[in-house]
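The structure appears below as structure tokens.
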Amino acid sequence: MATYDYDLFVIGVGSGGVRAARMSASYGARVATAEALHMGGTCVNVGCIPKKLYVYGAHYADDFSDASAYGWNASRPKMDWPVLKSNKDTEIARLNGIYSGLLDKAGVTHFDGRAKLLDAHTIEIGETQVTAEKILVATGSRPFVQDIPGQALLSTSDDAFALEQLPGRTLVLGGGYIAVEFAGIFAGLGVETTLAYRGPKLLRGFDEDLRDMMGTSVVHRGITLRLNATLAEVSRTERGALLATFDNGDSLETDFILAATGRVPASDDLGLDALGVEMADNGAIKVDESFRTSVPNIYALGDVIDRFQLTPVAIKEAMVFAANAFGGGSQSMNYDLIATAVFCQPNIGVVGLTEQQAIEMGHDVIIFKSTFRPLKHTLTGRDEQSLMKLVVDSATDRVLGIHMMGAEAGEIIQGFAAAMTAGITKAQLDQTVGIHPTAAEEFVTMREPAA
């Protein structure tokens, strides 16, 4: 019988990799990990956490502006970007230490460096070679940058988190989560911001009502929005600025261009091809319901399998993997009713089917919808609207989708996601007594279907 140095070797210590390593170790497995960059992966270092901190920072511009309507007559403070970046970096370093401590406490051996598979059981990290019975790839994803003339002049979200000084003018490319969030961050921090997207509406895949309102909201926040605009070339002007040229011949001079045009699985240079691990055209590792690849002892989960690029999904996948691989379980991952949020300003939170998806799946739907100015802005006069929408199956009365755009949408939708998982119906929402005055009560007080 073959003997190995470890029962499990995890490549990548992002949210999924760390959870898989810790849980597997808790079942008695001998576990080792390797990471080429930072403890905590994308989410902790160049994703969810620093992004949310920057969103908080950007939103203070609104808070200072709104304060006068509530009797606070203070002069508008000045934004000090180096202070925000330094404080963000300090917090990220603290989290890096926590992740390292979690692995140590679980008894996991960690290697710093890029891991590569020499064969199905042998891993090389620098000059070190170890063996493992099972190998888990949890290397996440990386930003995608389009191949155009001047590509080297484009920056990614990774670069945006490392900016030492704020640019005076910024062009954000893309129409998804990252693009919309960073456009709001830059604009909130006082940067002259343009958001350009190749499609007709932002946030493809979201409910159409949300997409329409997001387009309006972006413009109200002072962001210049260019739709149906595809970047064709980037060059440097004589004065050192960047010149972005679009496929229709239009051009724009700016100081910084953020390509937020998607992320791709980080599966290259791991030695997977040589082992015959089956992958999709975009580099995603193909796995079965147990997260097993085409090589029986090699597994993968998280962004690198490109199902849902969301931290909580990777964590849940890791728990399922560990329970089955080392805990004697037979769990499966349920991807239904995964709630998500876009931390634009105001926030978006959704769970379940869009109206369009429900119809395409054959449901006869009833729509309940409410658009209103938040109570806070009845005094400030800010031109900001909230949207709340329910998609209900007319035959069963079950709520199929809940969609919101408004302050703290992510916090509100999280609770409703639990209710939807339990199979809540519109009648049960109607029976619920709301908390007044809150935005969330709107979901339990909508009585008349939308026209």
Evaluate the criterion ring pair (Phe, Tyr, Trp, His ring centres under 6.0 Å) for residue pair Y177 and F182; output intermediate values, then yes/no.
CA-CA 9 Å; Y177 288 74; F182 264 104; over 10 Å; no

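- At distances below 3.5 Å, at least one donor-acceptor pair connects side-chain atoms of S26 with backbone N or O atoms of M23.
- Not one N or O on the side chain of D364 forms a donor-acceptor pair closer than 3.5 Å with the backbone of A395.
- Counting heavy-atom neighbours within 6.0 Å of Y60 OH, excluding the residue itself, gives a total of 12 or less.
- Taking 4.5 Å as the limit, every side-chain heavy atom of L387 sits out of range of all side-chain heavy atoms of M404.
- Within 6.0 Å of atom CZ in R198, 12 or fewer heavy atoms from other residues, nucleotides or ligands are found, so the atom counts as exposed in its surroundings.
- Under 4.0 Å is where a charged nitrogen must lie from a carboxylate oxygen, and between K201 and E208 at least one such pair does.
- In this structure, N297 contributes its side chain and E133 its backbone to a donor-acceptor pair below 3.5 Å.
- The backbone N or O of G283 lies less than 3.5 Å from a partner atom in the side chain of S267, making a donor-acceptor pair.
- For Q146, the CD atom is densely surrounded, since the number of other residues' heavy atoms within 6.0 Å is greater than 12.
- T438 contributes a side-chain N or O that, together with a main-chain N or O of I435, makes up a donor-acceptor pair within less than 3.5 Å.
- Under 4.0 Å is where a charged nitrogen must lie from a carboxylate oxygen, and between K286 and E278 at least one such pair does.
- In this structure, a donor-acceptor pair under 3.5 Å is absent between the side chains of H38 and N96.
- Not one N or O on the side chain of N324 forms a donor-acceptor pair closer than 3.5 Å with the backbone of F321.
- The aromatic rings of Y6 and F9 stand perpendicular to each other, their planes meeting at an angle above 60°, with 30° marking the opposite boundary.
- The local environment of NZ in K426 is crowded, with over 12 non-hydrogen atoms from other residues, nucleotides or ligands closer than 6.0 Å.
- Counted by atom type alone, T380 and H377 present one or more donor-acceptor pairs between their side chains at under 3.5 Å.
- Looking only at atom types and distance, the side chain of Y335 has a donor-acceptor partner in the side chain of R307 under 3.5 Å away.
- Salt-bridge check for E384 with K376: failed, with every basic side-chain N at 4.0 Å or more from each acidic carboxylate O.
- For D303 (side chain) and D306 (main-chain N/O), no donor-acceptor pair under 3.5 Å exists by modelled atom type.
- Judged purely by atom type and a 3.5 angstrom limit, E317 uses its side chain to pair as donor or acceptor with the backbone of G302.
- Tested against Y54, the residues F186, W81, F343 include a single ring pair (Phe, Tyr, Trp, His ring centres under 6.0 Å) partner, W81.
- Of the candidates V350, V351, T340, I413 forms a side chain to side chain contact (heavy atoms under 4.5 Å, CB included) with just one, namely V351.
- Under a 4.0 Å N-O distance rule, the pair D7/R30 qualifies as a salt bridge.
- Between T33 and A21, the shortest heavy-atom distance links the atoms CG2-CB, 3.7 Å.
- Remark: the backbone N or O of L375 is paired with a side-chain donor or acceptor of T378 at under 3.5 angstrom.
- Annotation for E192: atom CD does not count as buried by contact number, only 12 or fewer foreign heavy atoms lying within 6.0 Å.
- Checked by atom type and distance alone, the side chain of H403 pairs as donor or acceptor with a backbone atom of L353 at under 3.5 Å.
- Annotation: R373, atom CZ; neighbour count of heavy atoms from other residues, nucleotides and ligands within 6.0 Å is above 12.
- Between E91 and K88 no salt bridge is recorded (no basic side-chain N to carboxylate O distance below 4.0 Å).
- Other residues, nucleotides and ligands place no more than 12 heavy atoms under 6.0 Å from the OH atom of Y56.
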